[in-house]
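Below is one structure, written out as structure tokens, with a few remarks after it.
The sequence lines fix the lettering, A, B, ..., with proteins before strands; numbering per chain opens at 1. Worth knowing before you read on, the calculation uses all heavy atoms, side chains too, and leaves out hydrogens, waters and symmetry mates.
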Amino acid sequence: MTRVRFAPSPTGYLHIGGARTFIFNWLFARRSGGTMILRIDDTDVERNTQASLDSIFDGLRWLDLPWDEEYRQSDRVGLHHRMAEEILAKGLAYRDFTPASPAQEEPSNATAGPWLFNAGMRDVSKEESDRRAAAGEAFVLRYKVPRGVGRDLVVDDLVYGPVTKAADDIEDFALLRSTGVPTYHMASCADDADLKITHILRGQEHLANTFKHILIFEALGFSLPKFAHLPLLIAPDGSKLSKRKHGPVVSVTTYAQAGFLPHAFVNFVSLRGWSPKDDREVMSRQEMIETFSLEGIHHSNAMVNFTEDDPFDPKAVWLNAEHIKQTPIEELAERLLPFASAAGLPADLCRMRRVAPLIRERIKLLRDVARVADFFFLEELAPYDPAELIPQKGDAAMAKLVLERAQEILSVAEFTHAGLDSALRAGAAEVKIKAGQMFQPIRVAACGRKEAPPLFETLEVLGRETCLKRIGRALQMLSA
RNA sequence: GGCGCUAUCGUCUAACGGUUAGGACGGAGCCCUCUCAAGGCUUAAAUACGAGUUCGAUUCUCGUUAGCGCUACCA
């Protein structure tokens with residue numbers, strides 16, 4: 001039985017890269033009929049925040065890919081300690097009493113060569129080590145990486161193939177901090193083993209850590225899970241996406257708030273670093289589950305494009321538009337409504353159901369509803385330039401003529417697409433102008449701008465009363 | 001610095017060792033059209049560099065270069 005997990009640490013909001021790791025795990029689990037586990041890796045007490053935790057849950061719930069089991073590492077420290085003790089008892093770890101030095105935490109100091117271990121500490125006798133520990137001296141528990149025996153470790157990665165690293169190049173990494181809190185490596189491996197995780201799909205930044213994890217599994221006598229590392233998502237500057245460096249543009253919440261459809265986001269993110277290899281791009285959830293496989297995962301990093309003025313990758317926006325076009329009207333209306341309300345429009349679901357079909361292929365993000373459809377909901381049109389009322393190759397007199405004629409027509413015309421179509425075209429013919437010249441002043445009068453959905457449907461939804469009122473207002477503006 | 005990973009149009013990607021190196025986004029142009037969209041068509045745009053193996057290399061090997069990641073008592 002396949003068991004996979006997504007294990008975020010609540011040290012920042014959920015970002016695109018994390019979301020993709022979750023999505024790939026989810027897809028892999030669903031594809032294989034396995035179990036998807038969410039595990040909150042909150043061992044870094046210093047940096048954990050409730051806000052981050054909330055952001056992670058908000059983001060994951062928004063994706064709408066439900067998981068099956070949920071754990072929190074802080075509930076399981078007993079287990080981590082037991083396993084760390086076991087490694088120590090087996091003589092595969094040792095206490096390092098070297099005091100923590102801030103200098104050592106700065107990676108920039110490592111230019112002289114790789115740090116591998118603190119000299120002397122590996123060889124402190126068991127008796128002395130026990131005595132100093134019993135006396136209350138602080139220590140870091142470190143894994144005693146086999147040295148000088150020419151041992152090679154190999155990760156048989158499901159994506160990258162066999163990757164080898166000499167044990168001599170691996171530093172004596174920490175298992176327990178001097179505070180007694182288990183490190184990520186310790187806690188993660190202990191939990192993966194205990195939760196019987198079968199496949200670990202995670203970002204490639206962990207590929208190098210995997211050798212340490214193999215050592216831990218080995219020390220504990222557990223069989224290894226399968227590893228599959230994912231190429232990184234990078235920013236336009238080429239660096240790995242990071243909340244600290246790139247800010248809210250990489251946050252899942254930013255996409256949600258802009259009006260991405262959750263599945264469009266999932267679709268977009270899945271296509272960075274994975275390909276169905278058959279040129280398909282717009283895919284349903286079911287299609288993705290059926291198509292997903294580790295074979296399609298690449299080895300090289302994928303870029304997510306965003307700029308100061310445009311936080312969203314054009315491809316993501318395009319995919320969102322495609323999914324919007326495929327969304328049934330009723331569902332679309334429901335999803336649009338909160339965005340209209342948030343923009344301060346007095347929108348209601350009933351009216352939105354009629355507006356949705358008119359804007360469905362005119363919006364790329366749900367929030368566009370406010371920009372594109374405001375005039376459907378506003379009682380009073382926002383001020384606009386009366387010059388807009390003047391048709392192509394026409395003048396103010398023509399605009400006036402058109403609007404007066406429109407007033408007469410719309411007072412009596414049947415307010416349906418067909419009725420308005422024939423009545424307005426006939427009107428244009430009577431005053432001997434082109435249909436386009438007839439339509440523009442009416443459109444601007446009704447919508448307050450030149451760009452709008454097709455005229456007849458628009459008038460129909462607006463209704464006779466509103467149309468006449470707005471045309472009257474436009475006429476006033478022309479004479480003013 | 002050490003170790004690891006990677007390298008196809010601007011971006012995402014396709015291509016049993018044999019293709020005019022394909023698709024998509026974005027760009028440009030044309031068509032359609034009551035505006036805006038949507039849609040249709042056309043077009044520009046890539047195998048990082050150098051060797052080797054081979055009848056033949058985007059594909060395999062080596063080197064160079066470049067990028068990224070790891071090198072913490074962060075994950």
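The gap from the C1' atom of B:rC12 to that of B:rG18 amounts to 27 Å, rounded to the nearest Å. A gap of 29 Å separates the C1' atoms of B:rU11 and B:rC16, to the nearest Å. Separation of the C1' atoms belonging to B:rC73 and B:rU58 is 47 Å when rounded to the nearest angstrom. One P atom belongs to B:rA46, the other to B:rA21, and the distance between them is 12 Å to the nearest Å. With P as the reference atom, B:rC36 and B:rA28 are 15 Å apart, rounded to whole Å. The separation of B:rC25 from B:rU20, taken at their P atoms, amounts to 25 Å, rounded to a whole angstrom.
The listed nucleotides are B:rC34, B:rC5, B:rC3; the one nearest the side chain of A:Asp169 is B:rC3. When the nucleotides B:rC34, B:rC70, B:rU11 are ranked by their closest atom to the side chain of A:Ala208, B:rC70 comes out on top. Ranking B:rC73, B:rG23, B:rU6 by closeness to the A:Ala174 side chain, first place goes to B:rC73. For A:Val163, taking side-chain heavy atoms from C-beta onward, the closest of the listed nucleotides B:rG4, B:rU6, B:rU11 is B:rG4. The side chain of A:Phe456 lies closest to B:rC34, out of B:rA37, B:rC25, B:rC34. The A:Tyr160 side chain lies nearest to B:rU6 when the options are B:rA75, B:rU35, B:rU6. Counting only heavy atoms from C-beta on, A:Ala452 has its side chain closest to B:rU35 among B:rU6, B:rC73, B:rU35. You'll find that the side chain of A:Lys450 is closest to B:rU35, out of B:rC12, B:rG23, B:rU35. Of the candidates B:rA38, B:rA24, B:rU13, B:rA38 carries the atom nearest the A:Lys325 side chain, counting heavy atoms from C-beta on. When distances run from any side-chain atom of A:Ser178 to the nucleotides B:rA75, B:rC12, B:rC73, the shortest one goes to B:rC73.
Between A:Arg405 and A:Glu408 there is a salt bridge, since a side-chain N of the basic residue sits under 4.0 Å from a carboxylate O of the acidic one.
Applying salt bridge (charged side-chain N to carboxylate O under 4.0 Å, His left out) to A:Asp172 and the options A:Arg147, A:Lys144, A:Lys212 leaves one that passes, A:Arg147.
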Under 3.5 Å, which N/O atoms of the protein pair with N/O atoms of nucleotides 61-68 of chain B?
unit_1 : atom_1 : unit_2   : atom_2 : d
B:rC68 : O2'    : A:Asn301 : ND2    : 3.2

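Following rounding to the nearest Å, A:Glu281 (CD) and B:rC25 (P) show an atom-to-atom distance of 7 Å. Atom pair A:Met283:CE and B:rG23:P shows a separation of 18 Å (rounding to whole Å applied).
Of the possible polar contacts, one joining the A:Ser422 side chain to the A:Gly419 backbone as a donor-acceptor pair under 3.5 Å is found. Under a 3.5 Å cut-off, the side chain of A:Asp368 and the backbone N or O of A:Leu365 do form a donor-acceptor pair.
Relative to the six-membered ring of A:Phe139, A:Arg132 misses at least one condition, a distance below 6.0 Å or an angle of at most 45° to the axis.
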Practice task
Step by step, work out the ring pair (Phe, Tyr, Trp, His ring centres under 6.0 Å) result for A:His213 and A:Phe227.
Solution key: CA-CA 11 Å; A:His213 300 172; A:Phe227 292 94; 7.2 Å; no

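Of the two residues near RNA chain B, A:Asp44 and A:Glu205, the one whose nearest nucleotide lies more 5' is A:Glu205. A residue-by-residue look at A:Asp96 and A:Trp274 shows that A:Trp274 has its nearest nucleotide of RNA chain B further toward the 5' end.
Within the 4.0 angstrom heavy-atom criterion, base atoms lie near A:Leu455. A:Glu322 comes within 4.0 angstrom of sugar-phosphate atoms only, judged by non-hydrogen atoms across all strands, and of no base. Contacts of A:Thr164 with the nucleic acid, taken as non-hydrogen atoms under 4.0 Å apart, involve only primed sugar atoms and P, OP1 or OP2.
In this structure, A:Phe260 and A:Tyr255 have tilted ring planes: the angle between them lies in the 30° to 60° band. Ring geometry for A:Phe292 versus A:Trp274: interplanar angle of 30 to 60°, hence tilted.
Between B:rU6 and A:His299, a contact under 4.0 Å exists linking OP1 or OP2 to a side-chain N or O. Contact check, A:Thr43 against B:rA75: a side-chain N or O comes under 4.0 Å of OP1 or OP2.
Aromatic ring centres of A:Phe456 and A:Phe439: separated by under 6.0 Å.
With hydrogens and angles ignored, a donor-acceptor pair under 3.5 angstrom links the side chain of A:Asn209 to the base of B:rA75. Between the base of B:rC36 and the side chain of A:Arg362 there is a donor-acceptor pair shorter than 3.5 Å. Between the side chain of A:Lys315 and the base of B:rA24, at least one donor-acceptor pair of N or O atoms lies under 3.5 Å.
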